[in-house]
Structure formats: C-alpha cells, structure tokens
Asks: 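The structure that follows is given in the form of structure tokens.
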Amino acid sequence: MDDFRGGHILEEKYNPIAIEKKWQELWHETGVDSIVRDDSKKKFYCLEMFPYPSGKIHMGHIRNYVIGDVITRYKRMRGFNVLHPMGWDAFGLPAENAAILHGTPASKWTLDNIDYMKKQIGKIGCSYDWSRELTTCTPQYYKWNQWFFIKMLERGLAYKKNSSVNWCGQCSTVLANEQVIEDKCWRCDSVVSKKELEQWFFKITAYAEELLAGCDTLTGWPDHVVAMQKNWIGKSLGAELDFPVENSDIKIRIFTTRPDTLFGATFVCLSPAHPLAAFLTEDQEGLRRIRTEYDKQDAATAQTTLGMFTGKYAVNPINGERIPIYVATFVLMEYGTGAIMSVPAHDSRDFEFATAHNLTIKQVIAPPEAVSELKPLAEAYEGEGILIESGDFTGLPNKEAIVRINEYIENKGIGTASVKYKLRDWGISRQRYWGTPIPVVYCENCGALPVPLDELPVILPENIELKGMGGSPLAAVEGFVAAKCPKCNGPARRDTDTMDTFVDSSWYFIRYCSKMNEDALDKPNIEHFMPVDQYIGGVEHAVLHLLYSRFFTRVLRDLGIVAVEEPFTRLLTQGMVCKETLKCPEHGWLFPEEAKGGKCSQCNGSVERGRVEKMSKSKKNVVTPDELTERYGADTARVFSLFAAPPEKDIDWSDQGVEGAYRFLNRLWTLIYSNIEQLKTHRQKTHTTGPLIRKTHQTINKVTQSVERDYHFNTAIAALMELLNEANSFRPSKDEDYASLYFAVRSMLLLLSPFAPHICEELWQGIGEKGSILLHSWPEWDEEAAKEEEIELVIQINGKVRAKEKVSASLDDDNIREFALKNIKVMELLAAGKQPRQKILVKRPGSCIVNIVF
RNA sequence: GCGAAAGUGGCGGAAUUGGCAGACGCGCUGGACUUAGGAUCCAGUGCCUCACGGCAUAGGGGUUCGACUCCCCUCUUUCGCACCA
C-alpha cells in the first residue's frame with residue numbers, strides 16, 4: 001500500500017494515457033481493484049451479460065460494462081461486498097465459420113479473440129474479479145452442461161422427438177437460422193429446404209405456469225420485458241371438444257378459447273398437417289398442393305383463405321348440426337390440437353375464410369345494446385355480448401356462458417376445460433461442431449443411454465478439419481463417435497450433435513458464485529451470492545436468454561442446487577449506441593473522413609446526412625474503443641457514455657460530446673493543479689459554512705439520489721459539473737476559503753470516482769489523501785449544511801409568474817404571504833379595488849411560490 | 001392488425017408527489033489573451049416584440065388556483081408479437 005501514501009506530485013497537464021496505465025497496473029498489482037468475499041458485509045451481485053468473443057469489443061459492450069462498473073464501484077463505496085465477474089460465451093457459429101473458411105482451429109480463433117478482448121476491457125478500467133473468469137468452451141465448464149442434461153433426462157425433462165431443420169442440399173448440411181439469408185444458403189446461395197431430424201428437447205413447457213406466475217414477482221424488471229416474457233409464454237384458457245365425423249366413429253378434437261360461441265360453429269378446419277386431413281380428404285391431389293403451400297408458408301407469406309372441403313361432415317356436439325369439414329392453411333398443427341371449430345360470426349379469420357368459401361355465418365353473440373335489432377355482419381363481432389340462438393344458454397352474458405358451457409360439456413363428456421401455451425419445448429440439438437457434445441451413446445442392443453456421470457465430460461475433439469459439408473461435423477470424427485455401451489459394454493456410437501449455446505448462458509451466473517478453483521456447484525457459495533442483484537444487458541435477450549435462465553434456475557432449484565427461483569432481481573436493459581450516418585447517392589455509406597466538407601471523396605457529390613443508427617461496420621458509423629481510449633483515455637469515454645443519456649435509452653454518439661467530457665475532466669484537473677499548494681496546506685482545517693460548502697452538500701445529495709433512483713448517471717454527472725462550475729468561480733482568499741475549496745474538491749473526487757476512477761485516484765493522491773480512493777466510503781451529506789439561508793420567492797398572479805424576490809428562509813408561511821402582497825404588481829391590483837380570493841403557498845427546497853388569485 | 005413505450009430549444013437531454021419549463025453538455029454569437037487558434041478564459045443564447053408584454057413541452061379538448069406531469073380524442077415515431085383458434 002506504499003503507493004497510496006499521498007505526497008504525490010501532479011503534472012501540470014492532464015495526461016490520461018499515462019495515469020490510466022499507471023493506476024490500472026497498480027490497482028491490479030496491489031489487489032485494490034478486485035473484491036474478495038467478505039461475509040461481514042452485505043453482498044451485492046452485479047452482472048453484465050458476458051460477451052461472445054467475436055474478435056473485438058465494440059461500443060455496445062463498453063457501454064454495458066461501464067454501467068455495471070459504476071454500479072459496482074458505487075455499491076462498494078456504500079459498504080457492500082460486491083461480486084462482479086466476467087467471462088466468455090465462447091461456443092458458437094462464427095468460430096466454426098472461421099475454421100471452415102480459413103482453416104483456423106475454432107479453439108485457437110476463440111482463445112486468441114478472448115486474449116485481445118480481455119486487454120481491451122482492461123483498458124476501460126472496469127473492476128472485475130478475474131479469479132472467477134469462465135470460458136464456456138472449456139471442458140471444466142461444459143462438463144456441467146452435460147451433467148445438467150443427464151439430470152434432466154433422469155427427470156423426464158429432456159427427450160427426443162422429430163423436428164425440422166434448415167437443410168442445404170448443395171452443401172448437404174444443416175444450416176442455423178442465421179446462415180439462411182433470404183431463404184438461401186449463406187455459402188452457396190442455393191435454396192434451403194426443411195428436413196426432419198430426431199433431436200433433443202428440454203421440457204420448458206413443464207414450467208410454463210410457474211414461469212408465467214413468476215413474471216409478477218419481477219418487479220425490478222422493465223415492464224416491457226416482463227410483458228414480452230408473458231406474451232412469449234402465451235397462456236390461453238379455453239376448452240377442448242370432440243366433433244364426431246358423420247357416419248364414422250372418428251372424432252375431431254378441437255381447441256377453442258370461445259366455448260360461448262359453440263352454437264355459431266358452422267364448419268370445422270383441420271391443419272393440412274393434421275393426421276386426419278389425409279384420411280378424410282377425398283381429393284388427395286388437392287390436399288397435396290395445399291400441404292406444400294402450408295409447409296413453405298411463414299408469417300409473411302401466409303394466405304388466410306387457402307383451403308378446401310374434405311368432402312366429409314362433422315356434427316356439432318352441442319346442437320347436433322351437420323357442418324362441413326375443411327382443410328385450411330391458417331390452422332397450425334403446432335398449436336392447440338391442430339384443428340378448430342370455425343365461428344365466422346365471431347372470429348375475423350373464420351369470417352374471412354367463410355366469405356371466401358361461401359360458408360354459413362351464424363351470429364350467436366349480440367352486442368348488449370343491439371340484441372333486438374340485428375343486421376347482417378360486415379365483419380366478425382369479437383366483442384362482449386349476450387348469447388342468442390344458443391339453446392338453453394340464450395340470454396346469458398358471454399363471459400358467464402363460457403363457464404356454463406364448460407360445465408355442460410364436461411358433464412356430457414363431450415369436452416373439457418383446457419389451458420394452452422404458445423411456449424414450445426426448447427430444441428437444443430445443433431448439427432454443429434463448436435458446442436457442448438450431447439452426452440448420450442447409442443447401443444444396438446440397449447438403445448439410447450446417457451453417459452455415466454463419472455465419465456463426464458465428454459470431450460469435444462479439437463483441431464479437427466472442418467469442411468462444412470455433410471451432417472454433424474462430429475459424425476466424421478471416428479475417434480469421437482466410437483464408444484462403449486455403459487450397460488452391455490458392447491460397441492456403441494455417440495450422439496454427434498452439440499447443444500444450443502443458450503444452454504451455456506442459462507447458468508453461467510451460478511458458476512460465477514464459486515471461483516474457478518472451487519467446486520462448480522458449491523452450495524454455500526451459491527446460496528451466499530444468488531440471486532444476481534443487478535443484471536445489465538441488451539434488450540435483444542429480453543425473451544430467450546432470460547426465459548431459459550429462469551427455467552434453468554427452477555430446474556436447479558428442484559435439483560437442490562439453488563435456493564432462489566428467480567435468478568435476476570433487477571434488470572437493466574441498456575440502450576444501443578448510435579451515430580449519425582453519411583451517405584453519397586453514388587457511393588453509398590461513407591466514413592466521416594470520406595465526407596469532408598460535405599463532399600464525397602470519390603465523386604465530389606454532396607453528402608446526405610443519414611439517420612442516426614446503431615453503430616455498424618456496414619453503415620460505416622462505428623467508433624472503436626481503441627481509438628477513443630488512445631486519444632482521450634478511458635475516463636473520458638466513460639464519462640461521455642454515461643452523460644449522453646440515461647442508461648436505458650439509446651445514446652447518440654457525438655465526437656463533440658466526447659470533447660465536452662474531456663474538457664470537463666481537464667477543468668477539474670486545472671482547478672486542483674492551480675490551487676494545489678493551498679489545498680494541501682488547508683487539508684486539515686475544519687471547514688466552515690458558506691455557499692461552496694452548501695453547494696457541495698447539495699451535490700452529494702443530488703448525485704446520491706440520481707444514482708439510487710434508477711441509475712440516472714447523466715444527471716449525477718450534470719450535478720458534478722455544476723459543482724465544478726461553482727468551485728471554479730469561487731475566489732478563495734482566506735484560510736477558511738481554502739478549507740471550503742478543499743472540502744468541495746475532495747467530495748467531488750469521491751463522487752466522481754465510480755465514473756472516472758483513474759483521474760480521481762491521481763488527483764486524490766495529488767491533494768495528499770492517504771489510501772486508494774477506491775477503498776474510501778461514499779460521502780454523506782448534512783441536511784442542515786445543505787439548507788439555503790435565503791430562498792427565492794416566486795410571486796404568481798392568477799397562476800402566472802409576475803415577480804421573483806429573495807427572502808429569508810426563516811420566514812413563516814404568513815410572513816411570506818404578507819411579503820408577496822407587498823409586491824408592487826400585487827399592490828397595483830389591490831389599489832384598483834380587486835380582492836384576492838386565494839393565496840396559495842407552495843414550499844420547495846430552496847424556493848417557494850405564492851399564487852395570488854384575484 | 002394487436003400490444004407496449006415515447007414525442008420538450010438548432011442538437012443530446014433536465015424537471016420527487018401537479019408548483020419558476022429548458023438544469024448540464026454540445027452547437028452558435030460576441031469579447032479577452034494570443035504570431036495564430038479547431039487551445040483556454042469571460043459573457044450571451046427557446047420563439048415573437050424596440051419595449052411593456054405575449055407565445056411555447058406533437059395537435060385538439062378537459063380537470064385544476066396552477067398541467068411536460070392527470071383524464072379523453074387525434075397524429076407521428078420506435079420496439080415487440082404477428083394466422084396462437
């Protein structure tokens with residue numbers, strides 16, 4: 001700790017590059033910047049979404065990590081024992097693509113990238129506990145993916161079923177969704193088709209209800225993210241009913257959310273993929289055409305009225321009516337039962353279909369105000385109403401009818417109340433190389449068997465040649481595929497698929513609770529640190545990653561590993577980093593240096609200023625962290641990105657804004673440097689009162705409130721700028737003035753240190769404080785010292801501001817009102833004979849308002 | 001189409017529970033110091049008006065002594081979902 005003994009000499013000029021390097025090294029060497037577990041303090045777990053090691057850190061990462069770092073440093077100064085880890089989401093397709101295209105082994109590519117990115121992260125001065133650094137592509141990590149897989153298999157939460165994948169016939173390989181570009185293969189440009197493969201699934205639907213109910217406990221999450229989760233789970237209440245097929249003992253089971261409209265069902269629709277479709281349809285050729293359309297349709301291309309009559313009729317079980325059975329492409333096999341009853345009068349899709357096919361439309365719900373006079377419907381009526389032409393249920397409000405009809409069908413044995421979810425089970429098989437091997441072997445005699453737990457991990461072979469042809473790359477690796485059956489010891493072969501990388505990120509926050517040299521699932525560690533108190537990341541993970549993590553946490557809870565059910569108490573979804581784009585009508589997007597003087601450097605044509613868009617290489621509006629830290633230093637980069645907007649909003653990158661942040665730090669430096677001797681001398685003197693002391697207390701208050709209230713760092717920094725402005729215009733002459741200045745400067749450094757740690761540490765040492773500023777506690781404000789002696793009295797007449805005057809803060813309410821009445825403008829009105837009807841007084845900190853109403 | 005969020009100066013953005021709209025920064029204007037300034041410092045800067053004053057928080061209405069804030073309608077933008085029966 002000798003390095004923090006004070007007596008440090010400041011350079012005249014602020015030199016961020018030198019001081020940042022110095023302190024980063026010193027903090028690292030002395031361990032000041034890493035936080036060790038200390039059970040005497042309250043824990044705080046602050047986590048940023050770990051990066052995929054794509055090669056370089058970009059501004060989005062920087063923003064994410066800086067927000068997390070500020071929270072970490074702030075909470076630490078407030079006396080918390082903060083867990084703040086970092087790691088690498090290291091499995092994934094880009095590494096595999098690099099291997100296919102350039103022959104670089106995926107592991108080397110990944111580890112090299114991690115090396116480089118770790119250096120970049122170090123340069124922005126974030127304080128991580130690197131003893132917990134994890135890399136998901138290491139066997140030590142993915143072993144546990146396999147372990148969880150087997151545990152889930154044992155509990156029936158992992159199972160195999162057929163599912164379709166994107167298939168490129170030309171390359172004879174499976175494609176991930178992101179490798180399919182406009183229905184074509186990313187490499188050979190040939191058309192992609194669907195292929196059925198047997199794949200592994202995790203039964204997330206078993207937790208659907210719990211995940212949905214848990215949404216209501218996520219009070220620390222942004223509302224829209226919770227809404228997206230609920231919407232994704234998509235619960236709907238309804239009923240399942242059997243519609244018998246005429247002249248047969250076959251029944252068609254349908255799902256509906258509107259049993260109240262049962263009397264209005266005028267036809268039944270089957271999905272083209274429904275097993276009964278082929279069985280019932282007379283025109284097989286026609287069905288085949290529709291099936292082809294159905295298979296290739298997606299949300300954008302779907303036709304709403306494509307379908308055909310099967311030639312058969314069904315019986316409406318509630319009234320015995322004979323209604324036709326259709327096949328329709330708008331009915332999805334994956335949802336509900338793959339068959340519906342169509343009620344064209346009360347469902348817009350059914351209405352459209354019925355109109356196109358000339359089918360009966362029978363109204364059974366009337367709007368409450370129009371029961372007596374019904375007109376033919378021009379569109380489906382989907383609102384509330386009263387049942388009509390519905391047998392014994394006629395006259396009931398439809399809400400009530402749902403309940404009564406559900407009871408009726410259950411009693412009659414023709415149906416049952418039913419709950420459906422949009423949420424599907426999570427398919428985790430990937431026909432890919434760079435991922436966690438699925439720990440299953442197939443024996444000819446014994447079938448599919450999990451690898452015994454004590455044989456884990458199943459190691460992913462490295463340095464294999466990837467050609468990008470054929471099915472799963474691992475299938476071509478002889479040494480990997482060959483295995484022994486754990487049951488009969490006979491020859492067996494391994495599953496050659498790997499797991500979805502979302503598996504890796506579904507529990508990494510639990511792994512961090514223990515150091516890398518400790519047991520991965522150490523219960524006391526997990527119990528101590530979980531849940532994550534503050535999670536920070538992009539909205540793009542609002543559904544999948546967060547939902548999978550919530551699912552995994554519950555599975556791990558059921559396995560006795562975790563005690564909590566929700567992994568993330570508070571969630572902050574930070575906005576994107578955007579920048580203005582520049583475009584030449586001839587040459588497209590331009591770099592700023594190609595558009596000097598508003599002219600395109602190639603054709604000299606005038607440049608259009610494009611929209612402000614998310615930074616991306618293709619739009620040529622990227623600022624790299626490297627150029628920024630080399631030019632201005634990390635502290636400037638940090639201050640700008642925090643000052644530009646509150647964290648949840650997008651920020652608009654501006655080079656001039658960065659300059660502004662840099663100037664702010666320079667002004668701070670200059671203020672301290674130019675008063676350094678007096679500051680050092682008056683360090684010990686107790687300060688007195690005065691405007692600067694008062695402003696300092698107010699600033700401590702303001703900064704603390706801004707941080708506490710939703711991490712609004714932009715207003716916190718603004719308050720510090722105000723204090724600096726006031727300190728700059730303060731002209732000290734007496735000893736006590738310098739003592740005041742010292743107090744202001746010292747507080748300012750403490751308050752600014754989470755935002756700009758390097759410069760604050762340098763100046764802290766410069767003014768002769770002892771010990772690292774990082775270990776200092778957050779300053780407290782004194783309510784009394786922050787109070788103004790004089791307050792501003794705003795005088796309103798009929799709600800309009802007419803005058804402002806300074807009055808003593810000690811005046812009581814009546815005195816203030818009296819004072820306001822003596823105002824010249826008020827007097828004029830009084831003299832004119834008007835009588836005030838009301839005198840409303842509002843007190844605010846530092847000011848008060850009197851509204852005189854005539 | 002459905003759902004959610006948002007709309008404030010030339011720009012990014014401020015404004016506890018309804019209580020001085022525009023904090024702070026950028027930009028711009030003028031000045032100082034300079035051989036010079038794209039450095040630094042000082043002053044000014046919502047709009048209209050010579051001024052008194054008036055008008056301003058997407059637009060329109062309402063509640064209120066008082067509305068960026070609450071209520072109703074309209075417009076625009078962004079995001080999510082998109083045949084989920």
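What you see is a predicted model, and the numbers here were worked out from it, not measured in a lab.
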Asks: On a whole-Å scale, what distance lies between the P atoms belonging to B/G61 and B/A14?
Replies: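 One P to the other, the span is 29 Å.
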Asks: Can you find a donor-acceptor N/O pair under 3.5 angstrom joining the side chain of A/Gln796 to the base of B/C20?
Replies: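 For A/Gln796, whose side chain was compared with the base of B/C20, there is no donor-acceptor pair (under 3.5 Å).
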Asks: So what does A/Ile849 touch, heavy atoms closer than 4.0 Å: a base, only the sugar-phosphate, or nothing?
Replies: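 Counting heavy atoms under 4.0 Å across all strands, the contact made by A/Ile849 is with sugar-phosphate only.
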Asks: Less than 3.5 Å apart, any donor N or O on the side chain of A/Thr360 or A/Thr266 sitting next to an acceptor on the other?
Replies: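 No, A/Thr266 and A/Thr360 have no side-chain donor paired with an acceptor closer than 3.5 Å.
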Asks: Using both distances under 3.5 Å as the test, list the Watson-Crick or G-U wobble partner of B/A5, or none.
Replies: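 Looking at the geometry, B/A5 pairs with B/U77.
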Asks: For the P atoms, the ones on B/G25 and on B/G31, what distance do you get once it is rounded to whole angstrom?
Replies: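 Going atom to atom, P in each nucleotide, I get 23 Å.
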Asks: Would you classify A/Arg424 as touching base, sugar-phosphate or nothing, given that sugar-phosphate means primed atoms plus P, OP1 and OP2, and contacts are heavy atoms under 4.0 Å?
Replies: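 Answer is base: heavy atoms of A/Arg424 come under 4.0 Å of a base.
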Asks: Please state the P separation for the pair B/G66 and B/A21 - nearest whole angstrom.
Replies: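 Between the two P atoms, the distance is 14 Å.
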Asks: Rounded off to whole Å, could you give me the OH-to-C1' distance for the A/Tyr335 and B/C81 pair?
Replies: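 The answer, rounded to whole Å, is 14 Å.
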Asks: Using the P atom as the reference point in each nucleotide, state the distance between B/U69 and B/G59 in Å, no decimals.
Replies: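 Nearest-Å result for B/U69 against B/G59 at atom P: 11 Å.
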Asks: Checking base pairs now: Watson-Crick or wobble, both atom distances under 3.5 Å. What partners B/C68?
Replies: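 No nucleotide pairs with B/C68.
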Asks: Report yes or no: is the cationic atom of A/Lys420 (NZ for Lys, CZ for Arg) closer than 6.0 Å to the six-membered ring centre of A/Phe255, at no more than 45° off its axis?
Replies: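 Ring-cation test returns yes.
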Asks: What contact category does A/Val331 fall into here, base, sugar-phosphate, or nothing, at under 4.0 angstrom with non-hydrogen atoms?
Replies: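 Base, at least one base atom sits under 4.0 Å.
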Asks: Among B/G80, B/C20, B/A4, which nucleotide has an atom closest to any side-chain atom of A/Met228?
Replies: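 Looking only at heavy atoms from C-beta outward on A/Met228, the closest nucleotide is B/G80.
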Asks: Provide the Watson-Crick or G-U wobble partner of B/C20, both distances under 3.5 Å; none if there is no partner.
Replies: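 Result: none.
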Asks: Partner of B/C55 by Watson-Crick or G-U wobble geometry, both contacts under 3.5 Å, or none?
Replies: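 WC or wobble partner is B/G46.
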Asks: Counting heavy atoms from C-beta on, name the nucleotide in B/A85, B/A14, B/C20 closest to the side chain of A/Glu792.
Replies: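 The closest nucleotide is B/C20.
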Asks: NA contact type, A/Val842, heavy-atom cut-off 4.0 Å: base, sugar-phosphate, or nothing?
Replies: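 A/Val842: base contact, heavy atoms under 4.0 Å.
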Asks: Between B/A85, B/C65, B/C20, spot the one nearest the side chain of A/Val794, thanks.
Replies: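 Ranking B/A85, B/C65, B/C20 by closest atom to the A/Val794 side chain puts B/C20 first.
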Asks: Could you measure between the two C1' atoms, the one in B/C48 and the one in B/U74, and give it in whole Å?
Replies: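 Their C1' atoms lie roughly 28 Å apart.
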Asks: Using whole Å, report how far NZ of A/Lys804 lies from P of B/C20.
Replies: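 Result: 9 Å.
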Asks: Strictly below 4.0 Å, N to O, side chains only: are A/Lys399 and A/Asp260 in salt-bridge contact?
Replies: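 No, this pair does not count.
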Asks: Using Watson-Crick or G-U wobble geometry with both distances below 3.5 Å, tell me the partner of B/A85, or none.
Replies: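 Check on B/A85: unpaired, no WC or wobble geometry under 3.5 Å.
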Asks: Once you round it to whole Å, what is the distance between C1' of B/U78 and CD of A/Glu613?
Replies: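 About 13 Å, once rounded to whole Å.
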Asks: Taking the minimum atom-to-atom distance to the side chain of A/Gln656, which one of B/G27, B/A23, B/C20 wins?
Replies: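 Nearest listed nucleotide: B/G27.
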Asks: Out of B/A85, B/C81, B/G13, which has the shortest distance to the side chain of A/Ala645?
Replies: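 Minimum distance to the A/Ala645 side chain belongs to B/G13.
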Asks: Could you tell me whether the side chains of A/Glu648 and A/Tyr711 share a donor-acceptor contact shorter than 3.5 Å?
Replies: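 Side chains of A/Glu648 and A/Tyr711: no pair found under 3.5 Å.
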Asks: Say whether A/Glu240 and A/Thr416, considering side chains only, have a donor N or O and an acceptor N or O under 3.5 Å apart.
Replies: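 The answer is no; no qualifying pair exists.
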Asks: Say we look at B/C70 and B/G19: how far apart would their C1' atoms be, to the nearest angstrom?
Replies: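 Looking at atom C1' only, B/C70 and B/G19 are 14 Å apart.
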Asks: Ignoring the backbone of A/Phe643, work out which of B/A14, B/G19, B/G12 is nearest its side chain.
Replies: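 From the listed options, B/G12 comes nearest.
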Asks: Which base, if any, makes a Watson-Crick or G-U wobble pair with B/U63, both distances under 3.5 Å?
Replies: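 Partner of B/U63: none.
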Asks: Using a 4.0 Å heavy-atom cut-off across all strands, classify A/Gln705 as base, sugar-phosphate, or nothing.
Replies: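 The answer is nothing, as A/Gln705 stays clear of every strand by at least 4.0 Å.
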Asks: Could you tell me whether A/Trp653 and A/Phe640 have their ring centroids closer than 6.0 angstrom?
Replies: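 Judged by ring-centre distance (under 6.0 Å), A/Trp653 and A/Phe640 do meet the cut-off.
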Asks: Using the C1' atom as the point on both nucleotides, what is the distance between B/A5 and B/U17, in whole Å?
Replies: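 Straight-line distance between the two C1' atoms is 23 Å.
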Asks: Could you check whether A/Asn725 gets within reach of a base, just the sugar-phosphate, or nothing at all, counting any heavy atom under 4.0 Å?
Replies: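 Sugar-phosphate contact only.
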Asks: Write down the distance between CG (A/Asp650) and P (B/G7), rounded to a whole number of angstrom.
Replies: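 Computing the A/Asp650:CG to B/G7:P distance gives 14 Å.
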Asks: What is the separation between atom CG on A/Asp223 and atom C1' on B/C81, rounded to the nearest whole Å?
Replies: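 Distance, rounded to whole Å: 17 Å.
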Asks: Any luck finding a side-chain donor-acceptor pair between A/Ser847 and A/Glu792 under 3.5 Å?
Replies: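 Looking only at side-chain atoms, A/Glu792 and A/Ser847 do not form any donor-acceptor pair under 3.5 Å.
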Asks: State which of B/C81, B/A85, B/G19 makes the closest approach to the side chain of A/Phe255.
Replies: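 So the nucleotide nearest the side chain must be B/A85.
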Asks: So does A/Arg844 reach the base of B/U17 with its side chain, donor to acceptor, closer than 3.5 Å?
Replies: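 Flag set: donor-acceptor pair detected.
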Asks: Of all the choices, B/G27, B/G12, B/C20, which nucleotide is nearest to the side chain of A/Arg663 once you look at every atom?
Replies: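 That would be B/G27.
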Asks: What's A/Ser348 touching, base or sugar-phosphate or nothing? Going by heavy atoms closer than 4.0 Å.
Replies: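 Nothing: the residue A/Ser348, judged by heavy atoms under 4.0 Å, touches no strand.
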Asks: Between B/A85 atom C1' and A/Glu382 atom CD, what is the distance in whole Å?
Replies: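 For the pair A/Glu382 CD and B/A85 C1', the rounded distance is 10 Å.
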Asks: What is the nucleic acid contact for A/Thr257, judged by heavy atoms within less than 4.0 Å: base, sugar-phosphate only, or nothing?
Replies: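 If one applies the 4.0 Å heavy-atom cut-off, A/Thr257 turns out to touch the sugar-phosphate alone, with no base involved.
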Asks: Select one nucleotide: of B/G54, B/C24, B/C81, the one nearest the side-chain heavy atoms of A/Glu722.
Replies: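 The closest nucleotide is B/C24.
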Asks: Given the C1' atoms of B/C73 and B/C47, what is the spacing between them in whole Å?
Replies: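 Those two atoms are separated by 28 Å.
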Asks: Rounded to the nearest angstrom, tell me the gap between atom NZ in A/Lys800 and atom P in B/C65.
Replies: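 In whole Å, B/C65 P lies 16 Å from A/Lys800 NZ.
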Asks: Test salt bridge (charged side-chain N to carboxylate O under 4.0 Å, His left out) on A/Glu722 and A/Lys695 and set out the steps.
Replies: CA-CA 9 Å; A/Glu722 269 189 71; A/Lys695 182 74 178 176; 2.9 Å; yes
Asks: Glycosidic conformation of B/G9, syn or anti, with 90° from 0 as the boundary?
Replies: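 Here the answer is syn: the torsion falls within 90° of 0.
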Asks: Identify, between A/His712 and A/Gly799, the residue whose nearest nucleotide on RNA chain B lies closer to the 5' end.
Replies: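 This one resolves to A/His712.
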Asks: As a test of reading the structure: which of B/A15, B/G19, B/C20 is closest to the side chain of A/Arg709, going by heavy atoms?
Replies: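 Nearest nucleotide to the side chain: B/A15.
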Asks: For B/G37, what is the paired nucleotide under Watson-Crick or G-U wobble rules, both distances under 3.5 Å?
Replies: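 Partner of B/G37: none.
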Asks: Taking the six-membered ring for Trp, are the ring centroids of A/Phe330 and A/Phe353 within less than 6.0 Å of each other?
Replies: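 Yes: the rings meet the under 6.0 Å criterion.
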Asks: Report the distance from atom NZ of A/Lys614 to atom C1' of B/C79, rounded to the nearest whole Å.
Replies: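 These atoms are roughly 13 Å apart.
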Asks: With a 4.0 Å cut-off on heavy atoms, is A/Asn714 in touch with a base, just the backbone sugar-phosphate, or nothing at all?
Replies: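 Sugar-phosphate contact only - A/Asn714 comes under 4.0 Å of backbone atoms but never of a base.
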